[in-house]
Amino acid sequence: MGFLGPGPLRVHINHARYYLDSILDDTTRLVDLGSGGGLPGLPLLLDLPAVEGRLVDGSEKRCQS
């Protein structure tokens, strides 16, 4: 849908997962502001099932997808 930059999706997902090392062990909530196509929020939340998350974007089109 054009929400991500160039290159394969796998590259974007792997890049998003680099943030995992920055998330503290006792983190219970995660907010991805300006989430766009869902990165990095979606992969992070999939890898952190105990963390409650919200993806927020100002574009109505991106929020509907």
Side-chain angles (χ1 to χ4, degrees):
M1 297 185 76
F3 297 148
L4 304 177
L9 178 58
R10 174 62 42 206
V11 171
H12 293 283
I13 291 171
N14 288 340
H15 178 63
R17 286 190 167 132
Y18 285 123
Y19 290 102
L20 284 170
D21 292 338
S22 301
I23 297 173
L24 303 175
D25 291 337
D26 61 348
T27 297
T28 59
R29 295 183 182 149
L30 181 141
V31 176
D32 180 1
L33 297 175
S35 186
L39 294 173
L42 286 176
L44 293 177
L45 290 170
L46 289 172
D47 289 342
L48 301 165
V51 174
E52 176 186 339
R54 299 288 185 268
L55 281 68
V56 179
D57 196 278
S59 168
E60 185 175 336
K61 180 179 177 183
R62 290 180 180 159
C63 294
Q64 291 177 349
S65 299

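Numbering of residues begins at 1 and proceeds along the displayed sequence. Only this structure's heavy atoms are used, side chains among them; waters, hydrogens and symmetry mates stay out.
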For a quick test of reading the model, state the closest non-hydrogen atom pair linking [X] to [Y] and the distance between them.
{"X": "Gly38", "Y": "Pro43", "result": "O-CD, 3.6 Å"}
{"X": "His12", "Y": "Leu39", "result": "CB-CD1, 3.4 Å"}
{"X": "Asp57", "Y": "Ser35", "result": "OD2-N, 3.4 Å"}

Assess whether side chain to side chain contact (heavy atoms under 4.5 Å, CB included) is satisfied between Leu44 and Asp32, documenting all intermediate values. CA-CA 10 Å; Leu44 293 177; Asp32 180 1; over 6 Å; no
Which hydrophobic side chains are connected to Leu33, either touching it within the sub-4.5 Å cutoff or through other members that do? Val31, Val56
Are Ile13 and Leu45 connected in a single hydrophobic cluster, I mean Ile/Leu/Val/Met/Phe/Trp/Tyr linked by side-chain heavy atoms less than 4.5 Å apart? no
Rounded to the nearest 0.5 Å, what's the gap from CG on Leu9 to CG on Leu4? Could you check? 6.5 Å
Quiz: residues 17-27 side-chain donor-acceptor pairs under 3.5 angstrom, not counting sequence neighbours:
{"unit_1": "Arg17", "atom_1": "NE", "unit_2": "Asp47", "atom_2": "OD2", "d": "2.5"}
{"unit_1": "Arg17", "atom_1": "NH2", "unit_2": "Asp47", "atom_2": "OD1", "d": "3.4"}
{"unit_1": "Thr27", "atom_1": "OG1", "unit_2": "Leu24", "atom_2": "N", "d": "3.3"}
{"unit_1": "Thr27", "atom_1": "OG1", "unit_2": "Leu24", "atom_2": "O", "d": "2.9"}

